[in-house]
Protein chains: 2
Amino acid sequence: MATRTRRTQRRTEALSRERIVEAAVELLDTAGEGGLTFRALTERLATGPGAIYWHVANKEELLDAATDAVVAAALAAERAESAGSAGSAGSIGPAGAAAPAEPTGPAEPTVSAERTEPAEPPNSPQDKIRAIAFGLFDAMEDHPWLPTQLALQLSRSPWGSVTPQIFESIGRQVRALGVPEGHWFTATSALVHYILGAAGQNAANSATARTLVPDVDRAEFLDAASKAWNELDPDDYPFTRAVAAQMRDHDDREQFLAGIDLVLTGITALHLPGDQGCAPPPAP
Amino acid sequence: MATRTRRTQRRTEALSRERIVEAAVELLDTAGEGGLTFRALTERLATGPGAIYWHVANKEELLDAATDAVVAAALAAERAESAGSAGSAGSIGPAGAAAPAEPTGPAEPTVSAERTEPAEPPNSPQDKIRAIAFGLFDAMEDHPWLPTQLALQLSRSPWGSVTPQIFESIGRQVRALGVPEGHWFTATSALVHYILGAAGQNAANSATARTLVPDVDRAEFLDAASKAWNELDPDDYPFTRAVAAQMRDHDDREQFLAGIDLVLTGITALHLPGDQGCAPPPAP
DNA sequence: ACCTGAACACCGTTCAAGT
DNA sequence: ACCTGAACACCGTTCAAGT
């Protein structure tokens, strides 16, 4: 709905891997995962399949490149936080996905009561981790195909090109946190897994909501999902049913943030026993 | 390599959804994700495609059912921990995947030094969470296609049939942990995301190792992957390079366990301030 | 109700041929 | 070096027809 620029591509501008990947991303955004076809691609680029195969080995590589580009843009946007230059973000990723200005700040602490953020220094490693996480979170909402492709690529070649990007971004902040080197891998892995999993799940919620009833608010969808959970067998699913209401009423970004803070707490509590070690003490 | 039973299927035994799903799992285990084809399936079951379509709506539903069955078997095996009955596990899942006896116990605490497990009561909620996690971990190693399909289904319909299964298993233990109800959803989500992500990544490592050089030990693969990380641009990937060695030498199960304990620590520290609140205090 | 199997539409990929 | 486009092999799915 958002992407409208550059329709009816003119046959000028020589073909290039970059242009192909760009077209692939637009096609994925517009027509969904099933919409990316070599035929659709050749039409949009006004060429034959052979031309595309000269720049790209196969469809898998094309999908990887598209995933790579979108993730890189999301991470670059976050990196340009306090600095002014937008880096190499531009072009790829529609709408405000790569907007370097404000990282769409985490939902304000509307939290019920108990968790009173203990006045962390702004721009702390924790803050930066949250910003990176929300950058990926937003990218997945803008590109509904991203979670799936990310998961596919992670399953296919876990040490491929995307993982190091995300790993590096988060890992630097884990290091800045003061975590001893022996625990870098574990701590970073935990954060990355949570972020990708939770952000992906949330994006899937939005996507499903959009698909089921294009115009409906996702709140209505969550309501329906919550009802579905409520109709599970009470003997087999007591917990899931009990949590159904909670799921319906939750705010995505708040929930996502709470999960990140949970992992962060685990990291600091387990690996930084000197610092202050424990949970943020309830303000006195 | 393991599955050998019931080859050259006889055309007796009426077709059923269950038999189709079973054949699909075997085909996936044997021939990989690309090997599951309606043509291969009809051959194996000695029917036509129409017969399959009478029992199953389409390929997507078939893949979902296969995923469902394997996950259910893994969770059932864990549930039969202290009890004797194996439940409805049987049949599906080759080799020792669904063996109800010992949950392949988490790697013994070979931990370097500092983390001295504070003598948790055996069969504690923590222990059960670890057992469930390792059950899924093992299932993913036995069925290399499982992480991918799990991720696909999660992206496709996050509140589908598999999620509640896993969510319920973990969630019950989160409740047993004493987490206040308001935090059930966050805590359970964090655990599930970490477990699926980390187990999947590990399974992908093993799978890639097997694919690249069928006979090589996965240690050699990790060595190669570690070298690949070491060849990344030192300016762009200082952290990832620094962690490469650590990745090479790690023990999967130990690393996986450490991550679970990290999230568990976060949960208890953040949500159980009364209990003892903090990280396992170094034994006096 | 359950199964058969030929047929259809579509897809990724190749390759001899052009410039 | 880069592009064309017809052709190939294969796949998921359908459906009229059988029992």
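Numbered from 1 within each chain, the chains take letters A, B, ... in sequence-line order. These figures come from a predicted structure and were not determined experimentally. Because only heavy atoms are used, hydrogens play no part in the values below, and waters and symmetry mates are left out as well, while side chains stay in.
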Consider only side-chain N and O atoms of B/Q165 and B/D68, and report whether a donor and an acceptor are under 3.5 Å apart.
yes

When rounded to whole Å, the CG to C1' distance for the pair B/L41 and D/dC10 reads 16 Å

Could you give the CG-to-C1' distance, from A/L45 to D/dT4, as a whole number of Å?
14 Å

Is any side-chain N of the basic residue among B/R17 and B/E61 closer than 4.0 Å to the acidic one's carboxylate O?
yes

What's the closest nucleotide to the side chain of A/P49 if the choices are D/dA6, D/dC3, D/dG12?
D/dA6

Counting heavy atoms from C-beta on, name the nucleotide in C/dC3, C/dT13, D/dC11 closest to the side chain of B/T37.
D/dC11

Using the side-chain heavy atoms of A/K59, tell me which of these nucleotides is nearest: C/dT4, C/dT13, C/dC3.
C/dT13

How many Å lie between CD on B/E43 and P on C/dG5, as a whole number?
14 Å

Spacing of A/W54 atom CH2 relative to D/dC3 atom P, expressed in whole Å
7 Å

Atom OH of B/Y53 to atom C1' of C/dC2: distance rounded to whole Å?
17 Å

Only one of B/L136, B/L154, B/I195 clears side chain to side chain contact (heavy atoms under 4.5 Å, CB included) with B/I166; which?
B/L136

Answer yes or no: does a side-chain N or O of A/H55 lie under 4.0 Å from OP1 or OP2 of D/dC3?
yes

Assign each of A/G34 and A/A57 the nucleotide of DNA chain C bearing its closest heavy atom; nearer the 5' end lies the nucleotide of A/G34

Go through C/dC3, D/dG12, C/dG12 for me and flag the one nearest to the A/F38 side chain.
C/dG12

Out of C/dA7, C/dT4, C/dT13, whichever nucleotide has its closest atom nearest the side chain of B/R39:
C/dA7

Between A/D233 and A/R241 (salt bridge meaning N to carboxylate O under 4.0 Å), is one present in this structure?
no

Residue B/A14, side-chain heavy atoms: nucleotide from D/dC2, C/dC3, D/dT4 that is nearest
C/dC3

Regarding B/T148 and B/E33, do their side chains bring together a donor and an acceptor under 3.5 Å, going by distance alone?
yes

Watson-Crick or G-U wobble partner for C/dT14, using a 3.5 Å limit on both distances?
D/dA6

Mind checking if B/L36 touches a base, just sugar-phosphate, or nothing, with heavy atoms under 4.0 Å?
sugar-phosphate

Which nucleotide, C/dG12, D/dG12, C/dC3, lies nearest any side-chain atom of B/L15?
C/dC3

Round to the nearest Å and state the distance from B/I52 atom CD1 to D/dT14 atom P.
14 Å

